[in-house]
There are 2 protein chains.
Amino acid sequence: MNIDNLLYFTECAEPARRLASELGCQASGIHVHHFPDGESLVRLPESLSGNIIIYISLHHPDAKLVPLGFAASAARSLGAEKVALAAPYLCYMRQDKAFHRGEAVSQRIFGTWLDEWFDMVLTVDAHLHRVKSITEVIRCGVNISAAPYMARFLKGDDSKPLLLGPDEESLQWVGQIAGAAGLDFGVAHKERHGDRDVEITLPDVNVRGRDVMLVDDVLSSGFTIARAAEAVRRKGAARVRCMVTHALFATGAEELLADSGVESVISSDTIPHASNAIFMAPGLAEAVREY
Amino acid sequence: MNIDNLLYFTECAEPARRLASELGCQASGIHVHHFPDGESLVRLPESLSGNIIIYISLHHPDAKLVPLGFAASAARSLGAEKVALAAPYLCYMRQDKAFHRGEAVSQRIFGTWLDEWFDMVLTVDAHLHRVKSITEVIRCGVNISAAPYMARFLKGDDSKPLLLGPDEESLQWVGQIAGAAGLDFGVAHKERHGDRDVEITLPDVNVRGRDVMLVDDVLSSGFTIARAAEAVRRKGAARVRCMVTHALFATGAEELLADSGVESVISSDTIPHASNAIFMAPGLAEAVREY
């Protein structure tokens with residue numbers, strides 16, 4: 001898809017401008033005015049033509065989705081032909097079934113909304129469990145991986161870290177990064193007993209004296225990474241860092257990581273955060289052009 | 001429409017249960033769990049049948065609309081036949097055109113969402129300007145007036161207040177209440193220079209020594225009512241109170257009203273608030289039955 005104009009929600013200005021630069025198109029901010037009664041007024045550029053892409057990162061999504069839906073509809077009214085969405089962090093991908101009878105299957109409902117609003121929905125490392133492809137959830141969805149960009153970043157890292165995934169689900173992904181970067185890797189076993197209660201069993205690899213890089217797709221509460229960091233430090237690791245695609249960082253996560261001995265966090269720019277060091281714009285631009 | 005089950009968002013438990021009682025149906029709470037990452041998990045009763053009505057008051061709407069959309073969709077998946085919405089305060093009814101080129105026409109966009117989600121949308125005193133009927137905005141919309149219930153309340157008030165509307169738009173509405181309650185009334189002239197800058201010119205009625213009841217559809221910032229109260233006090237009113245359908249009460253509104261000499265506020269229960277004294281359940285129930 002050829003893009004004529006990128007529109008971004010202002011909290012994503014920096015990564016959005018990087019994407020516009022890769023796409024070689026103009027970038028304009030979407031102005032959101034909040035009235036005293038809590039309603040939002042969304043203003044786009046005065047006229048649009050051709051295909052546009054809206055850029056937003058959908059962490060803490062509920063209050064963002066109404067302005068996003070308004071922007072998508074307004075873009076068409078103002079003359080846009082096709083309207084794509086770049087949501088490098090996509091929400092509501094976890095609730096893919098009713099775990100208890102009566103629960104809304106948010107993933108499925110949210111997917112139908114996105115298909116109604118957009119002609120293409122582009123994201124990075126969507127948190128998919130029981131579905132194999134994002135197109136089962138969002139017909140116009142495209143899910144790219146941060147793994148090649150993580151591998152490229154690690155190739156430039158002289159310390160040759162040992163990569164460690166926190167659970168079996170990360171096996172293929174961590175293996176791919178390790179293979180491309182020429183590094184050792186292992187995958188731990190994780191048992192989750194609650195939102196904030198996680199147990200980690202390390203794999204049978206020697207971490208003594210090693211520089212360990214914990215690798216995960218999302219850093220939210222930080223409990224998984226903290227437990228893993230404590231485990232590798234107990235086994236004698238010399239240094240523990242962490243690399244994630246999505247730097248969600250719930251309240252308290254930074255302190256928790258620091259207390260567990262994680263020296264630093266390296267994240268992709270799918271969610272704006274001080275730890276962003278891996279830029280996804282080239283990958284996003286390629287996926288847009290190929291669609 | 002016959003209703004088998006009412007489901008309510010828990011902040012509206014009291015008025016919702018009053019409506020269920022009028023409708024003679026069961027009422028159950030909708031459970032919303034907020035994950036640490038800001039996503040919402042919505043849980044309804046384990047099974048539903050027949051027609052249901054969901055009750056929610058849509059002030060400060062953005063964060064509420066996602067759980068509401070999930071609930072509407074989940075209700076159908078769980079077996080509901082028709083899904084109605086009782087939103088005694090309805091949001092996004094003011095932005096009925098693009099006041100500046102580029103603006104999203106929220107009223108129109110939001111209306112199409114409601115028509116997709118619900119079989120009936122019931123509200124009270126929707127803030128409509130340039131459209132005559134709510135069905136131009138929401139095909140399945142029904143808009144009832146709090147006026148008859150305000151008139152009934154005022155009939156029981158021995159002080160025989162003079163009713164005063166703050167602007168010409170309120171003429172028909174205040175006239176209707178005054179007529180039904182057998183009270184004098186007048187309507188002021190209002191000029192709005194900004195969100196918080198309002199000028200009120202009183203009508204040619206004698207307020208000296210009178211008990212004045214300012215009547216409006218919505219009390220938000222409180223600036224309009226405060227300016228009107230100051231004006232009638234300057235003209236010698238003995239007592240100033242205020243009666244509104246929707247007690248929105250933006251931050252600072254209560255202090256502003258107290259400072260301007262408003263003795264008390266009487267509101268309908270379309271938005272839960274300590275000033276609620278006029279119960280809309282009978283009117284809502286009648287409209288549901290007649291649909």
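Residue numbering restarts at 1 for every chain, and letters A, B, ... go by the order of the sequence lines. Keep in mind that what you see is a predicted model, and the values were worked out from it rather than measured.
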Heavy-atom contact with chain B under 4.5 Å, split by part of Leu78(A) = both
Can you say whether Ser77(B) sits under 4.5 Å from chain A via the side chain, the backbone, both, or neither, judging by heavy atoms?
-> side chain
Part of Gln95(A) within contact of chain B (heavy atom distance under 4.5 Å) = side chain
Arg108(A) and Ser73(B) have their tightest heavy-atom pair at NH2-OG, 4.1 Å
Closest approach of Tyr89(B) and Glu39(A), non-hydrogen atoms and distance?
-> OH-OE2, 4.2 Å
Smallest heavy-atom separation, Asp37(B) atom then Pro61(A) atom, equals O-CD, 4.2 Å
Pick from Ser40(A), Ser220(A), Ala250(A) with the largest number of heavy-atom pairs that fall under 4.5 Å of chain B | Ser40(A)
Select one option (side chain, backbone, both, neither) describing which atoms of Ser47(B) are under 4.5 Å from chain A's heavy atoms.
-> both
Write down the atom of Leu41(A), the atom of Ala104(B), and the distance for their closest heavy-atom approach.
-> CD1-O, 4.3 Å
What option among Arg101(B), Arg43(B), Arg94(B) has the most heavy-atom pairs under 4.5 Å with chain A?
-> Arg101(B)
Using 30° and 60° as the class limits, which term best fits the ring planes of Trp113(A) and Trp117(B): parallel, tilted or perpendicular?
-> parallel
Report the option among Gly69(B), Pro45(B), Ala75(B) that has the most heavy-atom pairs separated by less than 4.5 Å from atoms of chain A.
-> Gly69(B)
Taking everything shown except Gln26(A) itself, do over 12 heavy atoms lie less than 6.0 Å from its CD?
-> no
NE2 (His31(A)) and CD (Glu103(B)) are apart, to the nearest 0.5 Å, by 9.0 Å
